Structure formats: structure tokens, C-alpha cells
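Dumping the structure here so I can ask a few things about it.
Excluded from the calculations below are hydrogen atoms, water molecules and symmetry mates; all remaining heavy atoms, backbone and side chain alike, are included. Treat the numbers as computed from the prediction; the structure is a model and nothing was measured. Proteins come first, then strands; the chains are lettered A, B, ... in the order of their sequence lines, and each starts at number 1.
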Protein chains: 2
Amino acid sequence: MTERNASKAQAITSEVRRRIVDREWRQGDRIPDEAELAVEFGVARATVNKALQMLAEEGLLDRKRRAGTHVTVNPARKATLTIPIVREQIEQAGMEYSHRVVAQRRSPLPADVAARMALPEGRELIHLRTVHYGDDKPFQAEDRWINPAAAPGAEAVDFQRITANEWLVRNFPWLHADMAFSAENASARDARLLETRQGTALLILQRTTFNDLGAITSVRVAFHPGYAMIATH
Amino acid sequence: MTERNASKAQAITSEVRRRIVDREWRQGDRIPDEAELAVEFGVARATVNKALQMLAEEGLLDRKRRAGTHVTVNPARKATLTIPIVREQIEQAGMEYSHRVVAQRRSPLPADVAARMALPEGRELIHLRTVHYGDDKPFQAEDRWINPAAAPGAEAVDFQRITANEWLVRNFPWLHADMAFSAENASARDARLLETRQGTALLILQRTTFNDLGAITSVRVAFHPGYAMIATH
DNA sequence: TTCATCTCTATGTCTAAACTTATTTTGGCA
DNA sequence: TGCCAAAATAAGTTTAGACATAGAGATGAA
């Protein structure tokens, strides 16, 4: 057993992980079944089940009824990204947060955003452009569309006082989200808002969220040059 | 209850999620404790516990002993990214996969990579540059360092036949990984390998993996222009 | 042979009950 | 009033046992 101060299930995941990493159990091998491991570790089968399910979710094990549990051959591993709230992220970095609403109006939806939101092109939504600053240096520029049909009350909010993201996240939890990372050369507008040169490579995060009434919001976030989105596993 | 054909725990997560989305339970509200919900749903407390733990992991609920379960106020939601194996990704898109090893040699570790791998600068590792193609169009260019101390046998592998990623992933499961996404303007080399123009914005994935012997490999992947990394939740 | 059907097995799920533990609440004491 | 210790509480974990079910393998019919 590897761990000391954890739950039994945790200790079992650690030990199984160790056996895989140390290649006692090779990729593709079938490992002993739950009942056997329960005996080996001196715990109930439910405990082994919990441990192995965790490792299966992690992508280290493949489990199938009747076929048993195998060490994954080609572990296409997963990473969890936490998308923080900008203000919290900036404040955690010890900087002073501020933001500026560059534009706020009702506008007809352009085709690309309409497709992402599964709404008809030309529908009038709230269109918002905001720049977020850390210690007065541009941190990210967001271009957001908000659907009042799925987020009633949005028209009445003063987004100078509370950021759209915070207001939405606090009031309209979503059921489903699409997300994509890409890179773009800064447009003239991006460059102006982020105080950089046109053409600079920017990390772009495009995210659309949905609840049972449809798309809530779709946002394109352009991060300041050099920004890296970190994930650890 | 919302779901029909799922487990009881699943049905409970759906129903609780619905109550939150429909704002029957508002952000910050304390929800009934496990015992009460168990009675309401007519299941054992363990089943409610499982359901609520799932929602807590998702970031929708905050749970504390004695204090009870609350709807998260500022859900900084998580997204799971699956980092696929290039070849599988290309083949799944219906394209024909091929790759070319541009360079393979032992070289002294530069400072930035050394820092990421927690190895001394100047240590001689295997350095590999590979381009992966889909239907003969460049898909990604990778610049990889492999530590034979953590991945014994790496020197003897013919990386023309099997890609480094596949060989490593199949033979050396990792315990820990660091990952970062960023954007860079294509260098002259990037541009040549990806058959694009210098300065084009490229999505860069930087990943370092570790096992109990230390850093296994550190790789910088430059995707072809326009590539987007997708996550759904 | 090939296909359909049956059987069996390892995982999936649930339950009731017990015990553990973090944390809040309280109540007593100074 | 302020502080500390004790009690209470809600979640965390485990257990033994049961039943459900996917799906691999065996069996048998065509």
C-alpha cells in the first residue's frame, strides 16, 4: 500500500496506479477481478469497485461487464481545465482588477454566433464588449452575446457594476457548454483593446452555454499576448 | 424526476440539477440534507450521497460536514479536455495519417525545457522533431525531449515506425502531467514545417509528464493554423 | 460453416446499518 | 463579556449482502 492517511479506496487507487506505472500490470493486461482484489486488500467489494471506477474515469483502466478490467492500451488521457472567473483570477494573482465596458447594445446576431447558439441569424440579442484589466494592464478582451430569452432580466443589468460573466454565472447556471481553444492573429480591434500590435498571436477561448431555454450566452475571449492556460493532472 | 432510463443516482443528479437551473434552489441556498432527500426520493442515503458528490465535483454544489450542502455561489466550472493520440484523431476524421521525423539526436537540454522537466540544464536527452500529417497536409509539429532515465529503452526505438507519443503512452504510463495552452506567432521553422507563413498565429500545447523516476517527456505541439481544441461539458 | 440462443460471470447498482470526522452550536466558566 | 470544552450534526466512508445486466463464450440449429 502506498498511501497512509487516505481512505481505503484512495489507498487502493494509489496501489493499483503504482502497479501500472511500475509495469507489474502491463498495458492490455487483465487485472484480478473485484472479488479477488477485495480479498487481497481486505476490504469489501464495494470499496474496490469505487477505487477502480476512479481509475477508469481517469482513463487508466478499461472495464467491461463479464470481460473484466484491463489496463488501458492507449490511454488518451484527460485533463481538467478550470475556467475561473476573471476577477477572481486577477485578484488571486495579487493584481488589482478593473474592467471597462467598451460597447453595449442590442444587435442582430451574425451568422457564426447564431450557429454556435443555435438561434436564427439576425435575432436581436444583447451585444457586449468588455476589457478586463489587472493593475491597469489589459488581461482579456471579451466579445459577448447574451440571449434575454434564456436569461430574463439581462436587459436591466448595469454591466459596468457587475461583469456579465459574474451576473450570468450567479443567476443562470447552465446545463451544457461548448468550448474551443484556438489561436488568432490580433485584429485591429483586438490590438487596440489589448494594447498590442496587430497580428500578434492571441489565445482565443470561445464558449457557449445553454440551459433548458436555449443558449444563454456566447463569448469570445481574447487573452493578452503570452497568456497560457494551465491544466494539471 | 427527470430521467427515465438511468440509475437512481443519475436520476437524482438530474433532478437536483434541474432544481438549480430552474432556480427552485438559488445560488447560496442550503439544500435539504442527505437523509431528507433519501426519504423524498425513496432511496438509501448512500445513493443520495453518490449523486450529490457528482454534482459537487461538477462544481454545482459545495458540501461541508456539519454545515450541509449549498448551491455554489460562483461556480468556476470545469471542462474536461481529452488529449487524443494524433494518429487516432486524424484517422477518426477520415483522413490518412502519416508522419515524418525531421530530426532525432541526443542534445543538451536548454534551460526552459530543463525547468519544465525539473532536470539540470545541459543534461543530454533524446530530442525529436516530428510533423504529423492528415491526407499529406501538416496537422501538427511536435518538438519533443525524452528522458531515457525515466523511459529506459527509448534510445533503441525507431520512431519512424511508431510515433514517440504512442510508444511512450503504451510503455510508460505517467503519474502526473503539466499542461499549458498558449498562442505563438509561427517561427520560421514552425512555418516551414506546417507549410504556412511566418507570423501566423498557432495554437501551442506544451505538456510534460512524470512518473516515479522523474520527467518522462516534455513536448511542444504546434497545431496547424485554424485548429481548435474542443471541449464539451 | 454461420447464425441465433442460452448461460454464466464480472461489473454496475442499491440498501441498511454502522462508524468516522470535520465543523458548528451550545453552554458552562472565568 | 469572552473563551473553551462538550454536544450535536451532516457529510464521508465502509461493509455485507442482494439483485441487475452487459456481453463473452458455449451450445445447438440450420
Starting at the 5' end of DNA chain C and moving along, which residue's nearest nucleotide shows up first, A/A46 or A/L52?
->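 Nearer the 5' end of the strand: A/L52.
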Does A/H224 use its side chain to pair, donor to acceptor, with the backbone of A/F139 at less than 3.5 Å?
-> yes
5'-most contact on DNA chain D (nearest-nucleotide basis), A/R45 vs A/K64, goes to A/R45
Should the pair B/D143-B/R220 be classified as a salt bridge under the 4.0 Å nitrogen-to-oxygen rule?
->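 A salt bridge is absent here (no side-chain N lies under 4.0 Å from a carboxylate O).
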Under 4.0 Å from any heavy atom of chain B: name the first and the last nucleotide of DNA chain D that qualifies, 5' to 3'.
->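 Both ends considered, the range comes out as D/dA8 to D/dT13.
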Could you verify whether a donor N or O on one side chain and an acceptor N or O on the other, from B/H132 and B/Y97, lie under 3.5 Å apart?
-> yes
Boundaries of the chain B footprint along DNA chain C (any atom under 4.0 Å from a heavy atom) |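 Boundary nucleotides touching chain B, in 5' to 3' order, are C/dT13 to C/dT25.
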Any ion pair linking B/E57 and B/K78 (charged N to carboxylate O, less than 4.0 Å)?
->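 A salt bridge is absent here (no side-chain N lies under 4.0 Å from a carboxylate O).
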Under 4.0 Å between any heavy atoms, over every strand shown, what does A/A9 touch: base, sugar-phosphate, or nothing? Just pick one.
-> sugar-phosphate
Check every strand shown and say whether B/R63 touches a base, only sugar-phosphate, or nothing at a heavy-atom separation below 4.0 Å.
-> sugar-phosphate
Residue mapping more 5' on DNA chain D - nearest nucleotide basis, A/A44 or B/P32 |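 Its nearest nucleotide being more 5', the pick is B/P32.
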Judged by modelled atom types alone, do B/T69 and B/R63 share a side-chain donor-acceptor pair under 3.5 Å?
->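 Yes.
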Do the side-chain N and O atoms of A/T130 and A/R100 include a donor-acceptor pair separated by under 3.5 angstrom?
->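 There is no such pair (donor and acceptor under 3.5 Å, judged by atom type) between the side chains of A/T130 and A/R100.
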Between A/T163 and A/E166, is any side-chain donor less than 3.5 angstrom from a side-chain acceptor?
-> yes
Kindly write out the residues that satisfy salt bridge (Lys or Arg N to Asp or Glu O under 4.0 Å) with B/R26, not counting sequence neighbours, or none if the list is empty.
-> none
